[in-house]
Structure formats: structure tokens, C-alpha cells
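No hydrogens, no waters, no symmetry mates; every other heavy atom, side chains included, goes into these values. Residue numbers count from 1 along this sequence.
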Amino acid sequence: MKLLTLAALTCALIAPLAGTASAETAAYPVKNPKLTDNALYEAGALPTTTCAEPRVKRNDRKLARAYIDAVVDCLNTTWGQHLTNAGLPFEPAKVRHVSRIPKNYCGFDPSKNDSQSRYCETNGTLFFQVGKDWLDDPYDLWLLETTAFMYGYHVQELVGIYPAYDALKYGKKAEGYEQDRREYLQLECLAGTFVKSIWPMENRKSSDWNYFLNLVTGDRRGEEPTAGKAATIRAWIKRGFATGDPASCNTWKAPSSQVR
């Protein structure tokens with residue numbers, strides 16, 4: 001299992017995020033329409049599809065990699081159909097499994113973590129470094145949501161969100177951190193919309209999703225606040241799952257209280 005700071009079901013009603021856009025304003029408003037009014041938000045909910053989970057086994061890297069590959073195939077099918085039907089650009093994402101994330105490739109700055117993942121926007125490739133910590137307990141939904149989270153970078157790149165975010169200017173560090181959280185939390189929400197599109201899954205129960213949500217953690221003390229609090233991350237994952245619609249993932253218009 002993984003305690004989430006990177007990369008995300010209940011059938012119960014989902015509580016709304018605290019605060020409303022009409023009652024609050026962003027401390028650092030984002031004004032680029034490629035972020036706030038992107039065509040992605042007008043395309044409707046993701047199509048309902050079926051995604052079978054391959055078998056995984058503790059400490060079996062080969063099976064874990066095959067699991068990720070299968071999920072990416074499902075993501076390519078779902079997002080490909082969705083974006084194409086909306087008249088938006090689409091190219092399937094590619095996957096590369098590596099023993100170590102390469103340094104200085106595509107601007108990568110890998111951490112020292114045993115397991116990690118990166119996305120290269122120049123060639124649309126998802127890189128996965130599956131280490132011992134991811135293989136210790138691979139039976140929960142963590143690998144599924146993490147893969148969907150990483151795929152969100154590909155979606156953002158295709159529709160112009162990531163380039164627009166990357167070009168944002170900021171003054172104080174706090175403004176830059178808030179922009180980072182808006183981008184990160186959108187990825188979590190988009191992952192939630194994908195899970196909704198394939199739920200219910202065979203041999204899965206709502207308790208499996210609840211267990212996964214309990215693994216989510218947020219920014220840690222002493223680290224740069226680029227992800228958000230655990231409760232904030234959970235709220236955006238739940239929001240995406242509740243609607244299945246990327247329109248609910250417009251973090252760029254959300255008040256600051258919803259992206260802390």
C-alpha cells in the first residue's frame with residue numbers, strides 16, 4: 001500500500017467542499033481562460049466503460065507492471081472516446097517501466113523514493129519506477145488511482161491546461177504554491193472521475209474505496225505546500241467520483257479555502 005501524497009468510493013452522498021465560489025474569492029485568482037474556462041469542462045461526464053483488474057501479487061514487480069499497463073489501456077480507451085467525441089485533441093499515452101527514473105531526461109528531477117512516477121509531456125510517456133514499497137501490499141486500489149492520477153497530466157497536456165499552468169506568473173511564494181495545489185488537486189479530481197466511469201468493478205466493494213481514501217495524506221510539516229491537506233485531497237477525489245464529470249474538477253476557479 002502507499003500513503004498518498006502523490007496521487008486518487010463510496011455510494012453514499014458526498015459532502016460538498018467547504019465554502020462556495022460565490023461567497024469567497026481566491027487569494028490569488030487565476031485569470032487565464034485556458035485554465036478557468038477550458039473546453040474540457042464543457043465535454044460532459046466520462047463515458048461508462050468496463051476495466052478489469054489483472055491479478056497482482058505481493059513482491060511481484062512483473063504483475064504490478066502488467067496491472068499498470070492494463071489500467072493505462074483503460075484510460076486510453078475512456079479518455080480517447082471522451083476527448084474525441086468532444087472534438088478535443090487526443091493521442092494515447094505511452095508507458096515506460098524503469099528500474100530508476102532517469103535524471104535530467106525530459107526535465108526529470110527524481111526523488112530518492114523507492115517507488116515513483118513521472119510524465120514526459122514532450123513524448124506523452126508515463127514513467128513508472130515500481131519499487132519494494134509499492135509491492136509490499138498491492139491489493140488495494142492505490143495502483144489504480146495513482147495510474148489514473150498520473151494520466152491526468154497527459155489529459156492536461158492534450159487540452160492545454162498544463163502548458164497554461166506552466167506559464168503562470170506569480171509574485172509571492174504563497175501564490176506559486178497555491179497554483180501548484182490547484183494543478184495537483186485537479187489531477188486527483190480527474191482520477192476520481194475515471195474511477196467513477198468504471199465503477200462498480202468486479203470483485204470490488206465500497207469498503208475497498210473507503211480503505212484507499214484512508215491512505216491519503218497531504219503536505220507534511222517542513223515540506224513545500226504543493227499538494228494540500230489530506231482532507232482537501234480527499235474532498236477533490238470524492239468530488240470527481242461523485243460526478244464523473246471533469247467540469248467538477250475546475251480547481252482554477254475554486255476559492256482559496258478549497259485548495260489549501
Can you sort out the partners of Thr84 under side-chain hydrogen bond (donor to acceptor under 3.5 Å, both in side chains), two or more places apart, ordered by chain and number?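 Thr84 satisfies side-chain hydrogen bond (donor to acceptor under 3.5 Å, both in side chains) with no residue once adjacent residues are dropped.
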
Distance from [X] atom [atom1] to [Y] atom [atom2], nearest 0.5 Å?
{"X": "Leu213", "Y": "Asp208", "atom1": "CG", "atom2": "CG", "value": "11.0 Å"}
{"X": "Arg181", "Y": "Lys229", "atom1": "CZ", "atom2": "NZ", "value": "9.5 Å"}
{"X": "Leu158", "Y": "Leu40", "atom1": "CG", "atom2": "CG", "value": "10.0 Å"}
{"X": "Trp79", "Y": "Cys74", "atom1": "CH2", "atom2": "SG", "value": "14.0 Å"}
{"X": "Arg100", "Y": "Lys112", "atom1": "CZ", "atom2": "NZ", "value": "10.5 Å"}
{"X": "Arg61", "Y": "Lys132", "atom1": "CZ", "atom2": "NZ", "value": "8.5 Å"}

Please check: side-chain N/O of [X] versus main-chain N/O of [Y], any donor-acceptor pairing under 3.5 Å?
{"X": "Ser248", "Y": "Asp245", "answer": "yes"}
{"X": "Asn85", "Y": "Gln81", "answer": "yes"}
{"X": "Thr232", "Y": "Gly228", "answer": "no"}
{"X": "Lys94", "Y": "Asn123", "answer": "yes"}
{"X": "Asp60", "Y": "Leu63", "answer": "yes"}
{"X": "Asn250", "Y": "Thr36", "answer": "yes"}
{"X": "Glu157", "Y": "Tyr153", "answer": "no"}
{"X": "His154", "Y": "Glu91", "answer": "yes"}

Quick one: do Glu183 and Gln156 satisfy side chain to side chain contact (heavy atoms under 4.5 Å, CB included)? Show the steps, please. CA-CA 9 Å; Glu183 192 258 351; Gln156 287 183 331; 2.9 Å; yes

Kindly indicate whether the side chain of [X], heavy atoms from C-beta on, has any atom under 4.5 Å from the side chain of [Y].
{"X": "Gln116", "Y": "Phe128", "result": "no"}
{"X": "Glu121", "Y": "Cys106", "result": "yes"}
{"X": "Trp134", "Y": "Thr146", "result": "yes"}
{"X": "Leu143", "Y": "Val71", "result": "no"}
{"X": "Asp109", "Y": "Arg118", "result": "no"}

Taking all non-hydrogen atoms of both residues into account, name the closest pair between [X] and [Y] and its distance.
{"X": "Ala27", "Y": "Ser256", "result": "N-OG, 2.6 Å"}
{"X": "Arg65", "Y": "Ser99", "result": "NH2-N, 4.2 Å"}
{"X": "Pro246", "Y": "Thr193", "result": "N-CG2, 4.1 Å"}
{"X": "Ala164", "Y": "Asn32", "result": "CB-ND2, 3.8 Å"}
{"X": "Leu141", "Y": "Glu53", "result": "CD2-OE2, 3.9 Å"}
{"X": "Leu35", "Y": "Trp252", "result": "O-CD1, 3.3 Å"}

Group every Ile, Leu, Val, Met, Phe, Trp and Tyr by side-chain heavy-atom contacts under 4.5 Å, then state whether [X] and [Y] land in the same group.
{"X": "Ile101", "Y": "Phe149", "answer": "no"}
{"X": "Ile237", "Y": "Trp199", "answer": "yes"}
{"X": "Leu187", "Y": "Tyr177", "answer": "no"}
{"X": "Val159", "Y": "Phe90", "answer": "yes"}
{"X": "Tyr139", "Y": "Val130", "answer": "yes"}

Give a yes or no on whether the ring-centroid distance for Tyr105 and Phe127 is below 6.0 angstrom.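 Centroid separation for Tyr105 and Phe127: below 6.0 Å.
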
Please tell me whether Thr48 and Ser197 have a donor and an acceptor in their side chains that are separated by less than 3.5 angstrom.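 There is no such pair between these side chains.
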
Short side-chain donor-acceptor distance under 3.5 Å, Tyr151 and Asn76: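 Distance-only check passes for Asn76 and Tyr151.
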
For the [atom1] atom on [X], are there more than 12 heavy atoms of other groups (residues, nucleotides or ligands in this structure) within a distance under 6.0 Å?
{"X": "Arg55", "atom1": "CZ", "answer": "no"}
{"X": "Lys57", "atom1": "NZ", "answer": "no"}
{"X": "Phe108", "atom1": "CZ", "answer": "yes"}

Pick out which of Gln179, Glu178, Gln186 makes a side-chain hydrogen bond (donor to acceptor under 3.5 Å, both in side chains) with Arg182.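 Answer to the side-chain hydrogen bond (donor to acceptor under 3.5 Å, both in side chains) test with Arg182 among Gln179, Glu178, Gln186: Glu178.
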
Tell me which one of Ser117, Ser111, Ser115 satisfies side-chain hydrogen bond (donor to acceptor under 3.5 Å, both in side chains) with Asn113.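 With Asn113 as partner, side-chain hydrogen bond (donor to acceptor under 3.5 Å, both in side chains) holds for just one option, Ser111.
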
Output, in order, the C-alpha distance, side-chain angles, deciding distance and verdict of side chain to side chain contact (heavy atoms under 4.5 Å, CB included) for His97 and Ile68. CA-CA 10 Å; His97 294 286; Ile68 291 170; 4.0 Å; yes

Please step through ring-ring contact (aromatic ring centres under 6.0 Å, His included) for the pair Tyr165 and Tyr184, ending with a clear verdict. CA-CA 11 Å; Tyr165 152 73; Tyr184 179 94; over 10 Å; no

Any carboxylate oxygen within less than 4.0 angstrom of a Lys/Arg side-chain nitrogen, looking at Lys253 and Asp37?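 Between Asp37 and Lys253 there is a salt bridge, with a charged N closer than 4.0 Å to a carboxylate O.
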
Kindly determine whether Thr251 and Gln258 satisfy side chain to side chain contact (heavy atoms under 4.5 Å, CB included), including the steps that lead there. CA-CA 8 Å; Thr251 56; Gln258 293 182 4; over 6 Å; no

Side chain to side chain contact (heavy atoms under 4.5 Å, CB included) assessment of Thr50 paired with Ile198: CA-CA 5 Å; Thr50 300; Ile198 60 173; over 6 Å; no

Please determine which of Asp140, Asp137, Asp133 meets the salt bridge (Lys or Arg N to Asp or Glu O under 4.0 Å) test together with Arg58.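 Passing option: Asp137.
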
